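Positions are given from 1, in the same order as the sequence printed here. Every value quoted in this text rests on a predicted model; they were computed, and no experiment measured them.
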Amino acid sequence: MATKELPPPVKWADDRLGLAKMGKKNLRKVFPDHWSFMLGEIALYSFIILILTGIFLTFWFRPSMAEVEYQGSYSLLKGLHMSEAYASTLDISFDVRGGLLMRQIHHWAAVLFVASMMVHLLRIFFTGAFRKPRELNWVIGFSMLFLGIIEGFIGYGLPDDLLSGTGLRITQGMIQASPIIGTYLTFFIFGGEFPGDDMVSRFFTVHVLLIPGLILALVTAHLILVVYHKHTQYAGPGRTEKNVVGYPLMPVYMAKAGGFFFIVFGVTAVMGALLQINPVWLYGPYNPAEVTAGSQPDWYMGWLEGSVRLMPGLESSFWGITLSWNLIIPALLIPPAFVTFVALYPFIEQWITGDKREHHLLDRPRNVPTRTGIGAAMVTFYALLWIGGGNDLIATHFGVSLNNVTWFLRFAVFLGPVIAFWATRRIAISLQRADRERLLHGLETGIIVRSPDGSYSERHAPISEFEAYTLTAHDRQTPLELGPETDENGVAAPRRALNKLRAKLSAFYFADAVQKPTAAELEEAHSHGHDEPGEAPAVPGLTGTVELDEESAAKSAATPEDQAAIDTK
């Protein structure tokens with residue numbers, strides 16, 4: 001049988017670059033299929049939309065603080081003196097064909113980019129996808145989120161309108177609050193006294209070159225690591241720590257990804273066409289002597305704004321230096337501490353649990369109740385600070401006292417995360433108990449049976465082997481034990497105090513966790529007659545976890561989709 005010849009251009013490139021051999025291997029890479037995996041794709045496609053629309057906008061935007069007299073189409077501002085940056089933004093909005101649509105698509109794509117990265121990171125956190133060997137990819141992903149927020153904020157300030165100028169003025173005050181270096185840092189960023197003459201041109205360079213280049217490099221590294229480590233997958237029949245069950249990249253995922261990109265682009269375009277965002281012509285040019293009423297930053301900066309608003313006004317003076325604690329604590333200490341904790345969480349959890357194994361199967365959030373509670377606490381902390389960023393609007397819209405709203409949030413920001421942690425952890429443990437009962441006693445049928453001695457009981461039906469596989473595809477959770485104080489030679493163990501702390505944290509982390517039933521417990525439960533007559537036990541031969549070799553596991557997959565392709569790690 002004759003082999004199919006490559007098209008001449010492809011053959012020419014293959015002879016020089018070896019593309020066929022490389023493509024044959026990588027284009028058949030298998031990826032699992034689950035709806036939550038699309039969150040990362042939305043972030044990627046939003047970034048592509050940002051690049052495309054950003055290129056369009058750079059053709060007409062003039063990054064200059066030089067003063068001009070506006071003579072454009074918007075009559076309400078005609079004759080007003082403003083910066084070239086603001087005037088060119090008005091020209092894009094009213095005089096460039098399709099300019100306003102592109103501006104709004106760009107802005108909505110920025111909002112979607114940050115939002116999808118946040119939700120994507122939450123999915124990774126709650127399912128434990130950050131565990132070894134993917135700790136570095138977690139740091140890379142979190143770095144992309146951090147850079148995306150900075151990129152969005154800088155782009156928000158480029159039009160030099162009154163709303164963005166107010167936000168930059170607040171940022172300048174936070175920077176100036178930095179002890180000793182605040183003034184120098186402000187002069188370095190703004191090129192002199194705020195707003196300076198170089199602010200827009202400097203921000204423009206950072207916005208279109210520096211940060212996009214860094215994000216693009218991190219996206220490339222992130223995707224390379226995803227391919228190298230192989231994609232994580234949810235537990236289920238045919239899925240083990242040593243394989244990936246799903247579809248190949250070519251042609252299935254290439255077609256899916258292409259279609260999904262145009263869906264994201266289409267939805268963003270519809271939002272840009274129908275939903276107004278950042279109407280800079282209503283605010284007017286920036287004037288340091290003016291502040292817009294009810295001014296709010298983009299939503300992803302709301303938590304920082306709320307942190308500053310909720311902090312009481314505290315100042316101290318030492319040796320002629322004034323320390324503004326009302327800015328240092330909420331703007332310079334709390335956000336970096338929160339960001340650092342989130343970025344380093346994979347390493348913190350690994351140290352507490354002592355788990356250094358590789359993990360390719362995702363956790364169900366209920367099976368790791370403490371981590372799930374920590375995640376809920378962090379989300380609650382962020383949300384309450386975010387609500388604090390709009391305390392004035394909450395007060396005016398609901399007709400309540402601004403002081404009452406502020407004081408409520410001051411207490412809630414400390415108590416809310418604790419309550420969220422406790423409630424979420426207890427709910428997760430309750431769900432674990434429900435799963436255990438489901439494994440031991442099966443499904444409730446609603447059929448009540450009366451025994452010869454007159455007692456009543458409900459008949460239970462056994463669950464399928466596939467469901468049992470999913471419910472037991474996680475490890476037993478045992479805390480670290482503190483070793484002896486001395487070794488066999490009587491030498492004191494090093495770092496004893498640190499190891500005691502680690503043992504206590506580990507005991508707290510695994511406290512009240514419900515372990516999956518053993519084979520003996522299952523046999524005992526089945527022997528009590530909870531299964532339907534004549535039916536086999538739900539999981540015969542279970543030894544604490546359903547163990548299937550890769551070939552038989554793949555053949556027993558529950559759906560045809562699972563059998564599509566298997567890639568061994």
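- With contacts defined as side-chain heavy-atom distances shorter than 4.5 Å, the pair Q233/V244 qualifies.
- Contact annotation: the side chain of M174 approaches that of V308 to within less than 4.5 Å [non-hydrogen atoms, C-beta and beyond].
- Counting only residues at least two apart or in different chains, side chain to side chain donor-acceptor pair (under 3.5 Å) contacts with residues 72-81 comprise E67-H81, S73-D95.
- Nearest heavy atoms, A85 versus D160: CB-CB, 4.3 Å.
- Contact annotation: the side chain of L121 never approaches that of F130 to less than 4.5 Å [non-hydrogen atoms, C-beta and beyond].
- For I180, the CD1 atom counts as loosely surrounded, since its 6.0 Å shell holds 12 or fewer non-hydrogen atoms of other residues, nucleotides or ligands.
- Side-chain contact check for Y45 and T268: no donor-acceptor pair (N or O, by modelled atom type) lies under 3.5 Å.
- Side-chain N or O atoms of D161 include one that pairs as donor or acceptor with a backbone N or O of L163 at under 3.5 Å.
- The side-chain heavy atoms of F203 and F153, taken from C-beta on, include no pair separated by under 4.5 Å.
- Screening H360, H359, H229 against R134 for a side chain to side chain donor-acceptor pair (under 3.5 Å) leaves a single residue, H360.
- With hydrogens and angles disregarded, no donor-acceptor distance shorter than 3.5 Å links the side chain of S324 to the backbone of N326.
- In this structure, H34 and F37 have tilted ring planes: the angle between them lies in the 30° to 60° band.
- A cation-pi contact, defined as under 6.0 Å to the ring centre and within 45° of the axis, links K256 to Y253.
- In this structure, the separation between CD1 on I154 and CG on L210 is 8.5 Å, given to the nearest 0.5 Å.
- W138 and F142 have parallel rings, their planes meeting at less than 30° on a 0 to 90° scale where 60° marks the start of perpendicular.
- Using a 30° and 60° split on the angle between ring planes, W303 and F338 fall in the tilted class, from 30° to 60°.
- Smallest separation of non-hydrogen atoms from V227 and F31: CG2-CZ, 4.4 Å.
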